[in-house]
Amino acid sequence: MDLDRKTYQHTTSCDFPAALRDKQFKDSSNQTVTEGIIFYTSNVVWRTSIYGTTIFTWDCHQRNDTEIVMKGAQPVTYNSQTLYAYRCLLYTGTTSSTLHYFPVREINDGSRVILSTNPNLSICDVCASIEPELHTLYLQDSPSCDCTPSCSDLTVSGTCSQSVDLTNVQCSSPTTTTTTTVSTTTPTTVTTPTTVATTTITAQTGGSVTSDTNSPKSQTETVFTMEVIVILCASLVVLCLILVTSTVAIVIYNRNEQLKRQFLKVRKVRPAETV
């Protein structure tokens, strides 16, 4: 369900989107997770400590179609001044349990809030400068957070704020699927006999192409392939036999030559011994 985005331009009061009311949320960014955020009709429990002052609740100060301004219910005392804290949420809603937003650029005491001596800043005063830091509000009891929204679902500019650069924001781009469709004027008939696998495709011209996996041609090709394999194996065996025979013949020849040389040497030595 999309978030209720009725426009509230009152300077003294406004209401939070109906989808957020009476629910407890966590606030998740790429750095921290804050728990225990409870929205009501016109205020929210969101504990924030700024320069020694703890702001427990924030009032819905002003709101339009894309921006919500909250004002701290407790003023902040800093440098002998009474200051008022403001938050701006440049937001987009995808479901009733999730809200994605970008905060203000300004940081005070580690929190993205604006401090001002003016107790009634306008929505454009607060939301003039937005930081491209994605935050996600999701239900406290949710097992997980869908903290990577689609880039197309994010609000990148507001009525008062400048356009947000999504270059360094973690969001998902939709995948493009290309589908090729072939249309024919006549239905496609698929015939599967019990004994012969045949597929008939009827084209636009009315002709048909039949593919028979058990045709004589297929069987002949299979037999021919087997014969080639057998011939190759037989040739390999013959080559091995030739190699072995040649090796044995060489060994025998060398042995005979060695014996022959020894025999001739003995014949030359014996006559000398007799004399």
query = Distance from C127 atom SG to F102 atom CZ, nearest 0.5 Å?
reply = 13.5 Å
inquiry  = Please evaluate residues I229 and C233 with respect to the criterion side-chain contact (heavy atoms from CB on, under 4.5 Å), reporting the C-alpha separation (whole Å), side-chain torsions for both, the decisive distance (0.1 Å), and the verdict.
reply    = CA-CA 6 Å; I229 294 174; C233 291; 4.2 Å; yes
ask   = Looking at CG of L236 and CG of L241, how far apart are the two atoms once the value is rounded to the nearest 0.5 Å?
value = 10.0 Å
request  = Measure from NZ or CZ of R47 to the centre of the six-membered ring of W58 and say whether it is under 6.0 Å with the direction within 45° of the ring axis.
outcome  = no
task = Test L115 against Y84 for side-chain contact (heavy atoms from CB on, under 4.5 Å), laying out the working first.
result = CA-CA 5 Å; L115 296 179; Y84 301 92; over 6 Å; no
query = Just by modelled atom types, is the C14 backbone N or O under 3.5 Å from a matching donor or acceptor in the H61 side chain?
reply = no
key: Donor-acceptor side-chain pairing of N64 and E67 below 3.5 angstrom   = yes
query = Would T54 and T48 satisfy side-chain contact (heavy atoms from CB on, under 4.5 Å), going step by step from the backbone distance to the final call?
reply = CA-CA 6 Å; T54 300; T48 309; over 6 Å; no
remark   = The side-chain hydrogen bond (donor to acceptor under 3.5 Å, both in side chains) partner of Y101 among D27, T136, T66 is D27
ask   = Is any side-chain N of the basic residue among E133 and R105 closer than 4.0 Å to the acidic one's carboxylate O?
value = no
query = Is it true that H100 and Y91 have ring centroids separated by less than 6.0 Å?
reply = no
Main-chain N/O of G36 paired to Q140 side chain as donor or acceptor, under 3.5 Å = yes
ask   = If only atom types and distance count, is the side chain of D165 paired as donor or acceptor with the main-chain N or O of T167 below 3.5 Å?
value = yes
query = Under 6.0 Å from the CD atom of Q170, do we count more than 12 heavy atoms belonging to anything else shown?
reply = no
key: Heavy atoms from other residues, nucleotides or ligands near CG of N256 exceed 12 (cutoff 6.0 Å)   = yes
query = Passes ring pair (Phe, Tyr, Trp, His ring centres under 6.0 Å), Y40 versus F16? Steps please.
reply = CA-CA 7 Å; Y40 298 102; F16 288 112; 9.6 Å; no
message = If the condition is salt bridge (Lys or Arg N to Asp or Glu O under 4.0 Å), which residues does E106 pass it with, not counting sequence neighbours?
response = none
